[in-house]
K.L.:
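Handing you this structure, nothing more for now.
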Amino acid sequence: MKKMVMIFTFILMASLAHAYSGGPPDQKTSAPGEGSCTDCHSSFPINSGDGSFAIDAPAGYTPGDTYTITVTLSDNGQSRWGFELTPLDQGTVTITDAANTQQSSAGGNTYVKQTSTGTYNGSSDGPVTWQFDWTAPTTDPPESITLYANGNATDASFGTSGDYVYSTSVTLGRLTAIDDFGDGALPSLLSMESYPNPFNAVTTINYNLPSDGKVNVSIYDIRGRLITELEDSYKSAGAYSVTWAGRDRNGGNVVSGIYFVRLAVDANSTTNKLVLLK
């Protein structure tokens with residue numbers, strides 16, 4: 001009887017590990033009222049590792065517009081990966097990479113998570129990325145929408161121990177439509193987004209100014225060191241863009257890794273993460 005119990009327990013644990021690798025249970029994003037991946041992967045407290053977990057999304061949204069959302073996870077010493085993200089009940093998710101991402105729903109909320117292939121098994125240290133499209137709501141759009149996510153960096157043991165769980169969120173403020181300019185509309189919030197991101201050649205940084213001001217757009221490395229300035233001038237309110245080809249202030253190519261683009265307008269600023277892959 002003991003042998004049968006041990007066999008059953010082994011099969012159950014293997015089944016759970018397989019099921020989780022194919023996508024974690026819903027409602028594990030650290031959103032209000034939800035749990036986190038540490039409910040199952042409990043070896044270490046959430047955000048106690050030295051890895052990096054980020055959601056790349058616009059700082060603001062225009063109702064009805066569609067945005068590409070990128071989730072990036074890295075952690076030295078780990079080699080299997082997972083995530084779960086929810087915009088709660090706001091907007092619509094479209095899966096654009098069915099091999100690596102999938103969606104589900106529970107409690108009226110939508111969840112995006114990795115597939116079995118999307119665990120990127122064997123990708124040591126990372127970073128690994130997942131992408132999908134999100135369309136902002138048009139009916140009663142709120143002043144702001146928050147995307148919540150958990151990431152799981154594992155040692156590829158196919159168990160639930162020894163894994164590091166990370167939690168992050170990003171809030172998108174509602175914008176006034178600006179690019180039509182037929183009605184003279186101007187952005188209501190300072191915002192910035194970059195596409196593509198991650199990138200391996202050139203990324204375009206789009207930013208919106210709600211008022212006139214002195215604008216500075218600069219790139220920094222993960223240690224906070226200035227790499228280059230892309231813009232440093234006075235500009236009127238409106239929409240602008242500038243490109244970065246992964247070069248420093250002397251024109252030399254920088255190495256692959258995580259960088260930050262900072263948009264500063266007078267006393268206000270916003271910062272986005274960039275991932276350069278070569």
Side-chain angles (χ1 to χ4, degrees), residues 13-26 28-30 36-44 46-57 68-86 93-104 110-134 147-170 194-201 203 222 246 255-259 273-278:
M13 292 303 295
S15 298
L16 285 173
H18 177 74
Y20 290 3
S21 69
D26 294 330
K28 302 297 181 184
T29 66
S30 297
S36 74
C37 291
T38 55
D39 292 347
C40 299
H41 304 265
S42 56
S43 294
F44 306 105
I46 198 165
N47 289 333
S48 63
D50 59 1
S52 175
F53 182 54
I55 305 169
D56 184 70
T68 296
I69 308 297
T70 303
V71 179
T72 303
L73 177 59
S74 64
D75 195 347
N76 288 338
Q78 306 299 78
S79 59
R80 206 160 189 262
W81 316 89
F83 85 106
E84 181 173 287
L85 177 148
T86 182
V93 165
T94 301
I95 298 299
T96 55
D97 180 11
N100 296 305
T101 57
Q102 59 183 315
Q103 67 174 306
S104 59
T110 298
Y111 298 88
V112 187
K113 59 191 73 174
Q114 90 284 348
T115 62
S116 293
T117 302
T119 60
Y120 299 110
N121 188 28
S123 298
S124 298
D125 302 336
V128 298
T129 62
W130 301 272
Q131 284 189 329
F132 62 93
D133 283 352
W134 174 76
L147 310 180
Y148 299 90
N150 269 204
N152 189 10
T154 84
D155 57 7
S157 66
F158 288 82
T160 57
S161 63
D163 304 335
Y164 287 95
V165 174
Y166 299 93
S167 175
T168 191
S169 64
V170 61
S194 307
Y195 185 85
N197 189 24
F199 71 102
N200 62 9
T203 186
I222 198 168
V255 299
S256 299
I258 296 173
Y259 295 87
K273 178 182 290 187
L274 298 173
V275 179
L276 173 61
L277 303 175
K278 293 184 178 180

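Atom set for the values below is all heavy atoms of this structure, side chains included, hydrogens, waters and symmetry mates excluded. Predicted model only: the values in this text are computed from it and were never measured.
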K.L.:
Among side-chain atoms of Thr38 and Ser36, is any donor-acceptor pair under 3.5 angstrom?
P.N.:
yes
K.L.:
Could you check Val93 against Tyr111 for side chain to side chain contact (heavy atoms under 4.5 Å, CB included), going step by step and ending with a plain yes or no?
P.N.:
CA-CA 9 Å; Val93 165; Tyr111 298 88; over 6 Å; no
K.L.:
If you look at every heavy atom in Ile258 and Val275, which pair is closest and at what distance?
P.N.:
CG1-CG2, 4.5 Å
K.L.:
Are side-chain heavy atoms of Tyr148 and Ile55 found at a separation under 4.5 Å?
P.N.:
no
K.L.:
Thr203 side chain to Pro196 main-chain N or O, any donor-acceptor pair under 3.5 Å?
P.N.:
yes
K.L.:
What class does the angle between the rings of Trp130 and Tyr120 fall in, given that below 30° is parallel, 30 to 60° is tilted and above 60° is perpendicular?
P.N.:
tilted
K.L.:
Give the intermediate values and the outcome of side chain to side chain contact (heavy atoms under 4.5 Å, CB included) for residues Val128 and Thr72.
P.N.:
CA-CA 6 Å; Val128 298; Thr72 303; over 6 Å; no
K.L.:
Going by heavy atoms in the side chains, are Pro198 and Gln131 under 4.5 Å from each other?
P.N.:
yes
K.L.:
What pair of heavy atoms forms the shortest contact from Leu277 to Asn200, and how long is it?
P.N.:
O-CB, 2.5 Å
K.L.:
Answer yes or no: does atom CZ of Phe53 have more than 12 heavy-atom neighbours from other residues, nucleotides or ligands under 6.0 Å?
P.N.:
yes
K.L.:
Would you name the heavy atoms of Lys113 and Ser104 that are closest together and state the gap between them?
P.N.:
NZ-OG, 3.0 Å
K.L.:
What is the minimum heavy-atom distance between Lys273 and Ser52, and which atoms define it?
P.N.:
NZ-OG, 2.9 Å
K.L.:
What distance separates Thr70 OG1 from Tyr195 OH, expressed to the nearest 0.5 Å?
P.N.:
8.0 Å
K.L.:
Give a yes or no answer on whether the side chain of Thr115 reaches the backbone of Ala99 with a donor-acceptor pair at less than 3.5 Å.
P.N.:
yes
K.L.:
Please examine the side chains of Asp56 and Thr68, heavy atoms only from C-beta on, and report whether any two atoms are closer than 4.5 Å.
P.N.:
no
K.L.:
Report yes if some heavy atom in the side chain of Leu85 is under 4.5 Å from a heavy atom in the side chain of Phe132; otherwise report no.
P.N.:
yes
K.L.:
Is there a donor-acceptor pair under 3.5 Å between the side chain of Thr86 and the backbone N or O of Thr110?
P.N.:
yes
K.L.:
Answer yes if the side chains of Ser30 and Asn150 hold a donor-acceptor pair under 3.5 Å, and no otherwise.
P.N.:
yes
K.L.:
Can you measure from OG1 (Thr168) to CD1 (Ile46) and round to the nearest 0.5 angstrom?
P.N.:
10.0 Å
K.L.:
How close do Ala153 and Trp81 get, heavy atom to heavy atom, and via which atoms?
P.N.:
CB-CZ3, 3.5 Å
K.L.:
Output the distance between atom CG (Asp133) and atom CG (Asp97), rounded to the nearest 0.5 Å.
P.N.:
11.0 Å
K.L.:
Using side-chain heavy atoms (C-beta onward) and a distance below 4.5 Å, is Asp75 in contact with Asp125?
P.N.:
no
K.L.:
If we ignore angles and hydrogens, is there a donor and acceptor under 3.5 Å between the side chains of Ser157 and Asp155?
P.N.:
yes
K.L.:
Could you check whether any side-chain heavy atom of Tyr166 comes within less than 4.5 Å of a side-chain heavy atom of Asn47, counting everything from C-beta outward?
P.N.:
yes
K.L.:
Would Leu73 and Asn152 satisfy side chain to side chain contact (heavy atoms under 4.5 Å, CB included), going step by step from the backbone distance to the final call?
P.N.:
CA-CA 8 Å; Leu73 177 59; Asn152 189 10; 5.6 Å; no
K.L.:
Can you confirm whether Phe199 is buried at CZ, in the sense that more than 12 heavy atoms of other residues, nucleotides or ligands lie under 6.0 Å from that atom?
P.N.:
yes
K.L.:
To the nearest 0.5 Å, what is the distance between OG (Ser123) and CG (Asn121)?
P.N.:
8.0 Å
K.L.:
Does Gln114 use its side chain to pair, donor to acceptor, with the backbone of Asn100 at less than 3.5 Å?
P.N.:
no
K.L.:
Over all heavy atoms of both residues, which pair between Gly162 and Gln78 is shortest? Give the atoms and the distance, please.
P.N.:
O-NE2, 3.7 Å
